[in-house]
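Chain letters run A, B, ... following the sequence lines, proteins first and then strands; every chain starts at 1.
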Amino acid sequence: MAEIGLKALRHSYLPDPSAEEDWALRRIDLDWSDGGAYALLGPSGCGKTTLLNIISGLVTPTEGQVLFDGRDVTALAPDQRNIAQVFQFPVIYDTMTVYNNLAFPLRNRGVDEGRVDARVREIAEMLELSDMLDQRAANLSADGKQKISMGRGLVREDVNVIMFDEPLTVIDPHLKWKLRSKLKELHQRVKVTMIYVTHDQTEALTFADQVVVMQEGDVVQIGTPVDLFERPAHTFVGHFIGSPGMNVLPCEVRDGGAFVNGIHVPVAEGIGQTADAKTLEVGVRPEFVRFAESGIPARVVKVADTGRHRIVEAEAGGARVHLLAPVDAAIPEGEAHLAFDPERTRVYADGWLAEASGR
Amino acid sequence: MKTENQKAWFLVLPVIALVAFNALVPLMTVVNYSVQETFGNNIFLWSGVRWFEEILASERFHAALTRQLIFTATILAIEIPLGVAIALAMPRKGPWVPVCLVLMALPLLIPWNVVGSMWNIFALPDIGLLGKGINALGIDYNYTQQPVAAWFTVILMDVWHWTSLVVLLAYAGLISIPDAYYQAARIDGARPWAVFRHIQLPKMKKVLTIAVLLRFMDSFMIYTEPSVLTGGGPGNSTTFLSIDLVKIALGQFDLGPAAAMSLIYFLITLLVSWVFYTLMTKDEAE
């Protein structure tokens with residue numbers, strides 16, 4: 001188990017990176033504490049798998065350092081870092097039994113058979129694989145195979161970190177949440193640092209204590225699931241997390257207030273330095289928009305019923321606004337007015353949250 | 001009521017006709033010869049299983065069969081491990097992949113009798129590069145006179161000609177292994193031997209089964225190359241089954257014994273192929 005530090009990490013797959021777009025990872029500084037559960041969340045191609053492979057040692061970063069407990073491991077090979085990784089597609093040794101699969105990482109390290117046996121049985125118990133130990137691993141279903149992959153990660157007691165690279169991609173939906181909660185439970189039992197890479201917000205938010213949201217090789221925000229939902233640091237986070245994502249409307253800032261379509265919109269936390277911003281926007285989640293007597297004029301365009309609530313799409317001065325309404329609420333026909341919850345409405349300058357304290 | 005008729009059988013007729021023409025009829029001709037004595041002029045006399053008994057008891061057949069088995073076992077023992085080793089050494093990606101593949105495919109594209117003629121000249125002790133080279137090293141080498149030298153040359157030629165096939169098949173098996181397997185193995189601390197034993201070999205098993213079968217059948221029936229290279233000599237030292245068969249059938253014109261030998265030869269090939277296949281696919285059925 002270890003603390004993980006990433007210092008000024010940059011990586012490019014090109015031999016001679018010059019332009020900003022050449023970098024798969026632009027600049028990453030992170031500190032993760034021992035025994036935490038972390039998620040790397042972002043769309044495909046944002047650099048999260050690259051980052052994971054750098055931590056595991058499969059990829060050597062172009063610049064910067066990877067520290068385990070303060071020790072520089074940047075130049076070490078994966079097997080010297082004492083880490084474990086679970087891949088997107090289950091990796092199993094087809095010709096071996098489930099038991100031998102789980103024992104493989106220990107035997108390669110010369111652990112004595114008595115210890116191997118105890119450990120394999122313990123892990124198999126945790127993963128509910130005990131009654132399959134003598135079966136050929138090749139004959140298991142996809143989720144069984146993925147459990148073996150996880151088991152091989154967990155079987156060594158002294159691993160610094162276990163990494164999961166979108167491990168539920170090939171798992172049937174009804175088994176996904178089962179494995180996910182299993183994983184959460186395992187984390188609470190073994191207390192190893194775990195890093196979980198995914199593009200699925202539900203997986204990230206349910207698994208992790210802290211989520212790192214990435215976009216185009218940059219870390220956009222690091223925070224708890226609640227932070228990401230309530231206080232997105234960037235409009236990208238607002239869009240990416242939540243369903244539907246945060247509403248982002250162009251606005252003007254004058255006299256210390258924000259105006260959307262000429263109507264004053266009260267916002268939380270005051271407005272920071274916005275004078276040289278190229279674009280100014282107001283962000284508010286659909287959960288915090290409601291119909292009101294007065295406010296921003298809008299017209300209801302579409303109503304979608306999800307069962308638990310309705311998603312209403314309205315058009316206000318050329319912009320689309322989503323809002324969530326209870327199933328039994330009356331939806332105004334045609335012309336209406338929208339009001340935003342002032343505590344949950346924020347101003348974004350060039351995409352970034354413009355706080356009163358400045359960024 | 002459901003009407004039943006057998007008209008659908010007519011639809012199978014073309015296939016039956018085709019199979020009859022290209023397999024059954026020729027085979028039956030051979031069977032026909034194998035149980036009769038003929039003196040030409042379409043005069044046939046029934047001889048029962050006499051030719052079969054004669055062939056099975058003949059020392060000449062035993063000797064040819066033994067040579068054949070030793071030859072096939074030797075080339076399999078060389079070509080399969082060597083082919084796998086070369087496939088492992090080939091790059092998995094990059095600009096050298098097509099270069100390697102073309103180089104590997106080249107020997108397979110050369111007509112068999114040309115291969116024989118090439119090696120015939122290449123290995124000649126007085127003018128051939130190989131023959132002269134070996135003699136220059138101080139080793140007395142003349143494949144036209146020494147049985148050991150003839151065997152060495154025939155095996156070397158077959159290895160040169162056919163190892164590529166094993167390489168290409170093994171390589172196809174290797175590149176189908178996703179990178180994640182190698183990464184997982186590195187993380188699990190697997191040594192190169194363990195990677196080979198537990199990842200690469202299992203993934204190559206299916207194609208290697210095919211490679212062994214193809215190489216077995218082809219080498220067991222080998223005719224053209226040794227026939228051009230050594231003509232079965234010196235003496236009878238490289239007279240394999242098919243060369244012997246041709247000698248009996250066309251050299252001595254003993255059509256009855258030749259037909260009986262063909263059938264025995266065919267049954268041996270079939271039997272050994274079946275045994276190989278059953279053994280190599282045994283665990284998959286489990």
Whatever's closer than 4.5 Å to a heavy atom in chain B on Arg81(A) counts as neither

One option among Leu106(A), Val155(A), Asp94(A) has the most heavy-atom pairs under 4.5 Å with chain B, and it is Asp94(A)

Got more than 12 heavy atoms from elsewhere within 6.0 Å of NZ, Lys178(A)?
no

| Is the number of heavy atoms from other residues, nucleotides or ligands within 6.0 Å of CZ (Phe196(B)) greater than 12? | yes

Interface check, chain B: of Asn108(A), Asp79(A), Val86(A), Ile83(A), most non-hydrogen pairs under 4.5 Å belong to Asn108(A)

**Message:** For Tyr181(B), does the six-membered ring have the charged nitrogen or CZ of Lys203(B) within the cation-pi criterion, i.e. under 6.0 angstrom from the centroid and within 45° of the normal?
**Reply:** yes

Tested for salt bridge (charged side-chain N to carboxylate O under 4.0 Å, His left out) against Glu157(A), the lone hit among Arg109(A), Arg115(A), Lys191(A) is Arg115(A)

Taking NZ, NE, NH1 and NH2 as the nitrogens, is one of them in Lys147(A) or Asp143(A) under 4.0 Å from a carboxylate oxygen of the other?
no

Of Ile92(A), Asn82(A), Asp165(A), Asn53(A), the largest count of non-hydrogen pairs under 4.5 angstrom with chain B goes to Ile92(A)

Most heavy-atom pairs under 4.5 Å with chain A, out of Pro178(B), Ala180(B), Ala185(B), belong to Ala180(B)

